[in-house]
Amino acid sequence: MLFFVRNAMLAFYPRTGDLPGLEDTDIDVFLRQFRRETTFTFWLGIVLSAWLFQWTPLFTVFVPLPAFLLPKGLRDKHARKIGSSELYLVRQAMLILKMPAGLCWGRHPDVRKRFALPAYAPDPTTWKTS
């Protein structure tokens, strides 16, 4: 399932100009950690959203292939169309998928440097109790 989730997230955050894409931000490490630390319900929502993304190009770009087999240009068009769908539940499913992808992208030191923000301190791996 990580393949489908990763592939869908990468479609929403490609490289553009000076900005790194999600593929430049250690997405594999992030997804493994995120899977360990998130709830089952939230992870299920992400997986179902990725499944929806992968199997709906027929309805957005009219090509009967899963999204991971689409050429880059069609995959970008599919991501744009499904992310702005007029169907509220579809649009919300894509938001569930894009939110952790944005967390991964926005925390990366290269992205933060591009926006003149300091890098985050290492994760203390413990809950703050005070």
Side-chain angles (χ1 to χ4, degrees):
M1 292 316 311
L2 280 178
F3 170 78
F4 291 119
V5 172
R6 180 183 189 278
N7 181 273
M9 287 180 171
L10 289 176
F12 285 111
Y13 289 87
R15 288 184 190 117
T16 57
D18 295 339
L19 290 176
L22 193 59
E23 65 266 20
D24 303 319
T25 61
D26 304 323
I27 182 69
D28 298 317
V29 173
F30 175 83
L31 281 176
R32 283 192 296 275
Q33 180 182 359
F34 189 78
R35 172 62 191 108
R36 271 193 320 271
E37 294 177 0
T38 195
T39 64
F40 172 77
T41 307
F42 191 42
W43 183 251
L44 179 63
I46 291 170
V47 169
L48 292 176
S49 297
W51 183 87
L52 180 68
F53 178 85
Q54 295 299 339
W55 301 107
T56 54
L58 179 62
F59 305 107
T60 58
V61 293
F62 312 109
V63 177
L65 289 172
F68 62 88
L69 292 178
L70 292 174
K72 184 179 180 348
L74 275 180
R75 191 173 49 247
D76 288 346
K77 187 175 180 181
H78 170 60
R80 187 176 60 253
K81 283 188 167 190
I82 198 167
S84 61
S85 171
E86 291 185 15
L87 298 173
Y88 179 76
L89 291 177
V90 172
R91 201 169 56 245
Q92 288 305 106
M94 294 307 106
L95 180 66
I96 290 170
L97 189 60
K98 290 191 294 185
M99 195 222 10
L103 290 172
C104 176
W105 184 81
R107 75 178 175 91
H108 197 269
D110 292 344
V111 173
R112 296 187 63 77
K113 179 195 260 183
R114 172 67 177 84
F115 290 101
L117 296 169
Y120 284 132
D123 186 4
T125 69
T126 58
W127 286 96
K128 184 176 179 179
T129 56
S130 60

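Under the 3.5 Å distance criterion, the side-chain polar atoms of R112 are left unmatched by any main-chain donor or acceptor of L117. Of the possible donor and acceptor atoms, one in the side chain of Q54 sits under 3.5 Å from a partner among the backbone N and O of F68.
One hydrophobic cluster holds both L19 and F30 under the rule that ILVMFWY side chains link at heavy-atom gaps under 4.5 Å. Neither L44 nor F3 shares a network with the other; the hydrophobic side chains, linked directly or stepwise wherever heavy atoms of I, L, V, M, F, W or Y lie under 4.5 Å apart, form separate groups for each. A continuous path of ILVMFWY side-chain contacts below 4.5 Å connects L10 to M99, so both sit in one hydrophobic cluster.
For R35, there are no side chain to side chain donor-acceptor pair (under 3.5 Å) partners two or more places apart in sequence or in a different chain. Annotation: side chain to side chain donor-acceptor pair (under 3.5 Å) contacts of D26 (sequence neighbours excluded): none.
Here the closest heavy-atom approach between residue Y120 and residue G106 is recorded as CE1-O, 4.4 Å. Across Y13 and G102, no two heavy atoms sit closer than the pair OH-CA, 3.3 Å. The shortest non-hydrogen separation linking R107 to C104 is CG-O, 3.2 Å. Shown here for S85 and R91, the closest heavy-atom pair between the two residues is O-NH1, 2.7 Å.
Under the ring pair (Phe, Tyr, Trp, His ring centres under 6.0 Å) test applied with H78, the options F12, F59, F62, F53 reduce to a single match, F53.
With a 4.5 Å cut-off on side-chain heavy atoms, W105 and I27 do not count as touching. Looking at P57 and L74, their side chains never come closer than 4.5 Å, going by heavy atoms from C-beta outward. Proximity of L58 to V63: side-chain heavy atoms (C-beta onward) are nowhere separated by under 4.5 Å. Taking 4.5 Å as the limit, some side-chain heavy atom of P100 sits within range of a side-chain heavy atom of M9.
The OG atom of S49 lies 9.5 Å from the CD atom of Q92; values are rounded to the nearest 0.5 Å. R6 contributes atom CZ, which lies 15.0 Å from atom CE of M1 (distance to the nearest 0.5 angstrom). Summarising the geometry, atom CZ belonging to R75 is positioned 6.0 Å from atom CG belonging to N7; distances are rounded to the nearest 0.5 Å. To the nearest 0.5 angstrom, I82 atom CD1 is 9.5 Å from L87 atom CG.
D110 and R114 are not joined by a salt bridge, as no carboxylate oxygen comes within less than 4.0 angstrom of a charged side-chain nitrogen.
The aromatic rings of F4 and W55 lie tilted to each other, with the angle between the two planes from 30° to 60°. Ring orientation note: the planes of F42 and F34 are nearly perpendicular, at an angle over 60° on the 30°/60° scale.
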ask   = Step by step, would you call R15 with E23 a side chain to side chain contact (heavy atoms under 4.5 Å, CB included)?
value = CA-CA 8 Å; R15 288 184 190 117; E23 65 266 20; 3.3 Å; yes

D76 vs K72, salt bridge (Lys or Arg N to Asp or Glu O under 4.0 Å): CA-CA, chis, key distance, verdict = CA-CA 6 Å; D76 288 346; K72 184 179 180 348; 3.2 Å; yes

inquiry  = Test side chain to side chain contact (heavy atoms under 4.5 Å, CB included) on I46 and L97; report intermediate values, then the result.
reply    = CA-CA 5 Å; I46 291 170; L97 189 60; 4.0 Å; yes

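Environment of CH2 in W51: sparse, with no more than 12 heavy atoms of neighbouring residues, nucleotides or ligands closer than 6.0 Å.
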